[in-house]
Chemist: 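Pasting in a structure now, in structure tokens, and then I'll have a few things to ask.
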Amino acid sequence: MSAPPRPLLKVCGATAPEEAAAVAPRADLVGLWYGVENGARDLTGDRLTELAGAVRTAGRAEPVLVTFLHDAERIAAAARAARVRWIQLHAYQPPAAVAALRAALPDAVLVKAVHVLDGACVERPFLTAYARAGADLFLVDAATRGGAVGSTGHRVPAEALEALLPVLPRPFLLAGGLGEADAPGHAFAAHPGFRGVDIDHAARADAGLLDPARVAALDRAWTGTPAPGP
């Protein structure tokens, strides 16, 4: 029996090339917001291209276009311009939007976020439809009653995740207020569908920027990657 793949570490919400390049050596994926209306870390198309280039040239990480948009043509155009292969649909896009994006970008890695609210997954009736439409991975995150999705710092309740995992038709990343201390013996890290974590708040310094030292600590904790030698 082959060993499970090493978990991926995604950190999210870089806003400057220097910030993105500083964390790329110890992350697998760096999220870049595009089409996140009123988002504090939303980027223009030109800025997305600039930061994606900084991620690619600075380390092992790949840039991820994280969006609330439903317009597959606009998403695909931005991804092509920025040469981004990973796309994370983080709002309530329907399966048809996933299918249109898959048709436009057949070689992309499509991550569809699903949202746990009041202990249940909002998109549960559509999970199979998302998989058939072309989603490669799900990202399980918490939503709030106020309508916030993404980077809320709210945790997905363990019992809600336990109920959801048996019906997920694709592997998953886990988000929702996770940090370094959550990694040892995390209840769901041994699940065969677990592919890694998506972390925002715990990857940031007090000033709010993604912090290389914190990302390195998260990398050691969640993926087992040791610190580089002298």
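In what follows, residues are counted from 1 in the order of the sequence shown.
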Chemist: Taking side chain as C-beta onward, heavy atoms only, is Val64 less than 4.5 Å from Arg85?
Modeler: no
Chemist: Among residues at least two apart in sequence or on other chains, which ones pass side chain to side chain contact (heavy atoms under 4.5 Å, CB included) with Arg204?
Modeler: Glu19, Arg41, Asp200, Leu210
Chemist: With sequence neighbours excluded, tell me which residues meet side chain to side chain contact (heavy atoms under 4.5 Å, CB included) with Val156.
Modeler: Val116, Val140, Ala142, Leu161
Chemist: Quick one: closest heavy-atom pair of Phe138 and Ala131, and the distance?
Modeler: CZ-N, 4.4 Å
Chemist: Below 4.5 Å, heavy atoms only, C-beta onward: do Leu127 and Leu168 meet side chain to side chain?
Modeler: yes
Chemist: Under the rule for side chain to side chain contact (heavy atoms under 4.5 Å, CB included), what residues qualify as partners of Ala24, not counting sequence neighbours?
Modeler: Val55, Ala58, Ala61
Chemist: Who pairs with Arg47 by side chain to side chain contact (heavy atoms under 4.5 Å, CB included), at least two apart in sequence or on another chain?
Modeler: Ala16, Pro17, Leu43, Thr44, Glu50, Leu51
Chemist: Do Leu209 and Val23 belong to the same hydrophobic cluster, where Ile, Leu, Val, Met, Phe, Trp and Tyr are linked whenever their side-chain heavy atoms lie under 4.5 Å apart, directly or via other members?
Modeler: no
Chemist: Applying salt bridge (Lys or Arg N to Asp or Glu O under 4.0 Å) as the test, list every pair that has at least one member in residues 122-136; sequence neighbours left out.
Modeler: Arg102-Asp136
Chemist: I'd like to check the salt bridge (Lys or Arg N to Asp or Glu O under 4.0 Å) partners of Asp107; sequence neighbours left out, ordered by chain and number.
Modeler: none
Chemist: Enumerate donor-acceptor pairs with a distance under 3.5 Å from any side-chain N or O in residues 69-78 to protein atoms, sequence neighbours excluded.
Modeler:
unit_1	atom_1	unit_2	atom_2	d
Asp71	OD1	Glu73	N	3.0
Asp71	OD1	Arg74	N	3.2
Arg74	NE	Tyr34	OH	3.4

Chemist: Angle class for the His115/His90 ring planes (parallel below 30°, perpendicular above 60°, tilted otherwise)?
Modeler: perpendicular
Chemist: Is there a donor-acceptor pair closer than 3.5 Å between any side-chain N or O of Asp211 and the backbone N or O of Ala203?
Modeler: no
Chemist: Do the non-hydrogen side-chain atoms of Gln88 and Thr67 ever get within less than 4.5 Å of each other?
Modeler: no
Chemist: Contact between Lys10 and Val111 at the side-chain level, heavy atoms closer than 4.5 Å - yes or no?
Modeler: no
Chemist: Side-chain contact, heavy-atom cut-off 4.5 Å: Leu48 with Leu65?
Modeler: yes
Chemist: What salt bridge (Lys or Arg N to Asp or Glu O under 4.0 Å) pairs are there with at least one residue in residues 108-117, not counting sequence neighbours?
Modeler: none
Chemist: Which atoms form the tightest heavy-atom contact between Val84 and Ala52, and what is the distance?
Modeler: CG2-CB, 3.8 Å
Chemist: Using the ring-ring contact (aromatic ring centres under 6.0 Å, His included) criterion, which residues pair with Phe126? Sequence neighbours excluded.
Modeler: none
Chemist: Could you go step by step and tell me if Trp222 and Leu8 meet the side-chain contact (heavy atoms from CB on, under 4.5 Å) rule?
Modeler: CA-CA 8 Å; Trp222 281 101; Leu8 299 172; over 6 Å; no
Chemist: Which pair of non-hydrogen atoms, one from Phe194 and one from Pro7, has the smallest distance, and what is that distance?
Modeler: CE2-CB, 3.9 Å
Chemist: With rounding to the nearest 0.5 Å, note down the distance linking CG in Asp182 to CZ in Phe188.
Modeler: 12.5 Å
Chemist: Out of curiosity, Asp198 CG to Leu178 CG, how far, rounded to the nearest 0.5 Å?
Modeler: 9.0 Å
Chemist: Please tell me whether Val109 and Val66 are part of a single hydrophobic cluster in this structure, the criterion being side-chain heavy atoms less than 4.5 Å apart.
Modeler: yes
Chemist: List in chain and number order the residues that pass side-chain hydrogen bond (donor to acceptor under 3.5 Å, both in side chains) with Asp28, two or more places apart in sequence or in another chain; answer none if no residue qualifies.
Modeler: Arg6, Arg60
Chemist: Evaluate the side-chain proximity of Phe172 to Leu137: yes if any heavy-atom separation is below 4.5 Å, no if none is.
Modeler: no
Chemist: Using every non-hydrogen atom in the two residues, find where Trp33 and Cys12 come nearest and quote the distance to one decimal.
Modeler: NE1-SG, 3.4 Å
Chemist: Kindly write out the residues that satisfy side-chain hydrogen bond (donor to acceptor under 3.5 Å, both in side chains) with Gln93, not counting sequence neighbours, or none if the list is empty.
Modeler: none
Chemist: Quick one: closest heavy-atom pair of Ala27 and Val11, and the distance?
Modeler: CB-CG2, 4.1 Å
Chemist: State, with a plain yes or no, whether a side-chain heavy atom of Pro63 is found less than 4.5 Å away from one of Arg56.
Modeler: yes
Chemist: What is the minimum heavy-atom distance between Cys121 and Leu164, and which atoms define it?
Modeler: CB-CD1, 3.8 Å
Chemist: Applying side-chain hydrogen bond (donor to acceptor under 3.5 Å, both in side chains) as the test, list every pair that has at least one member in residues 160-175; sequence neighbours left out.
Modeler: none
Chemist: Does the side chain of Leu9 come within less than 4.5 Å of Val215's, by heavy atoms?
Modeler: yes
